[in-house]
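See structure below.
Just so you know, these numbers use all the heavy atoms, side chains as well, and skip hydrogens, waters and symmetry mates. Owing to the predicted nature of the structure, the values given are computational and were not obtained by experimental measurement.
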Amino acid sequence: MAGSDTTAARPAPDTVKILIAGGFGVGKTTMVGSVSEIVPLRTEEPLTMAGLDVDDLNGVEEKRATTVALDFGRISVSDDLVLYLFGTPGQQRFWFMWNDLAVGALGAVVLVDVRRPKTSFAAIDFFERRGIPFVIAVNGFHGEHPYPVEDIRDALTLPDGVPVMLCDARERESCRDVLIALVDRLIAQAQAEAEAEAAS
């Protein structure tokens with residue numbers, strides 16, 4: 001019929017909520033900003049003298065601002081899958097927000113700074129206790145990765161099933177590879193659960 005639209009409507013893509021977590025100053029805001037296809041929402045505020053006794057700046061002395069609520073970005077991994085990225089605040093005084101941010105999250109990226117690995121333990125423990133699948137992304141500050149993946153895995157006492165990837169939070173492709181690895185893990189876990197349920 002003249003004037004009719006014969007193009008089938010494309011179904012809306014699936015959306016997945018992902019958390020980007022880790023310690024203070026590990027590069028969460030940078031990662032969300034690097035990979036997001038939209039202008040990211042940021043809730044950064046300048047560091048002030050009042051926080052000197054609260055925020056540990058060892059190793060990140062050049063840091064001038066900090067996330068006080070969340071970062072938000074979005075990336076389309078494919079035509080039918082969109083990831084919504086929520087960056088968590090890193091300072092311990094804002095950790096109470098993590099519970100709310102985790103609602104509805106299917107997976108997480110834990111960013112690690114090998115200069116300060118202890119800052120990542122809280123995030124790893126948080127996701128392990130809640131059964132939220134995660135991958136480890138080792139952020140190479142100044143483009144450097146001084147330790148091999150297996151040494152990092154041992155230092156963080158990670159189970160074998162948790163992927164550990166070297167990345168640069170400033171580079172879009174590097175961050176995208178980390179997110180794809182997380183999606184692959186989520187798919188593999190969902191398939192394993194479905195097979196187990198079918199066999200029971």
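- If you take NE2 on His145 and SG on Cys167, they are separated by 6.0 Å, rounding to the nearest 0.5 Å.
- Side-chain contact of Asp168 with Ser174: a donor-acceptor pair under 3.5 Å is absent, judged by distance alone.
- Rounding to the nearest 0.5 Å places OG1 of Thr15 at 12.0 Å from CG of Asp80.
- The only member of Asp151, Val110, Leu158 that meets side-chain contact (heavy atoms from CB on, under 4.5 Å) when paired with Val164 is Leu158.
- With values rounded to the nearest 0.5 angstrom, Leu111 atom CG is found 9.5 Å from Asp113 atom CG.
- In this structure, the separation between CD1 on Ile18 and CZ on Phe86 is 10.5 Å, given to the nearest 0.5 Å.
- With hydrogens and angles ignored, the 3.5 Å screen pairs no side-chain donor or acceptor of Lys28 with any backbone N or O of Leu19.
- The closest donor-acceptor contact from the side chain of Arg176 to the backbone of Ile75 lies at 3.5 Å or more, if one exists at all.
- When all heavy atoms are compared, the tightest approach of Glu128 to Pro159 is OE2-CD, 3.9 Å.
- In this structure, Trp98 and Phe126 have perpendicular ring planes: the angle between them is above 60°, well past the 30° mark.
- Without hydrogens or angle criteria, Arg170 side chain to Gly27 main chain gives no donor-acceptor distance under 3.5 Å.
- The number of heavy-atom neighbours closer than 6.0 Å to CZ of Phe121, taken from other residues, nucleotides and ligands shown, is above 12.
- What you find for Gly107 and Ile132 is that their closest heavy atoms are CA-CG2, 3.7 Å.
- Across all their heavy atoms, Leu106 and Leu186 have their closest contact at O-CD2, 3.1 Å.
- Between the side chain of Arg172 and the backbone N or O of Met31, no donor-acceptor pair lies under 3.5 Å.
- Phe72 is not connected to Val103 by any chain of hydrophobic side-chain contacts under 4.5 Å among Ile, Leu, Val, Met, Phe, Trp and Tyr, and they are in different clusters.
- Two residues are said to be in side-chain contact when any heavy atoms from C-beta on lie closer than 4.5 Å; Pro89 and Leu101 meet this criterion.
- Within the 4.5 Å cutoff, the side chain of Leu85 has no heavy atoms near those of the Pro40 side chain.
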Residues Val77, Val16; criterion side-chain contact (heavy atoms from CB on, under 4.5 Å); working and verdict: CA-CA 10 Å; Val77 175; Val16 176; over 6 Å; no
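- Rounded to the nearest 0.5 angstrom, Ile136 CD1 and Leu182 CG are separated by 11.0 Å.
- For the pair Leu70 and Met97, the minimum side-chain heavy-atom distance is 4.5 Å or more.
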Trace of the side-chain hydrogen bond (donor to acceptor under 3.5 Å, both in side chains) decision for Arg115 with Asn139: CA-CA 10 Å; Arg115 302 171 303 178; Asn139 188 15; over 6 Å; no
Verdict with supporting geometry, Val162 and Phe134, side-chain contact (heavy atoms from CB on, under 4.5 Å): CA-CA 7 Å; Val162 177; Phe134 62 93; 3.6 Å; yes
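- Between Thr88 and Ala21, the shortest heavy-atom contact is OG1-CA, 3.4 Å.
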Pair Val135-Ile180, side-chain contact (heavy atoms from CB on, under 4.5 Å): steps then yes or no: CA-CA 10 Å; Val135 299; Ile180 290 173; over 6 Å; no
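- Distance check, rounded to the nearest 0.5 Å: OG of Ser36 to CG of Asp71 gives 10.0 Å.
- Hydrophobic clustering places Leu41 together with Ile38 (ILVMFWY residues linked when any side-chain heavy atoms are closer than 4.5 Å, directly or through intermediates).
- A 4.5 Å side-chain heavy-atom check between Leu156 and Val138 finds every atom pair outside the cut-off.
- Here the shortest heavy-atom pairing between Met165 and Val178 reads SD-CA, 3.8 Å.
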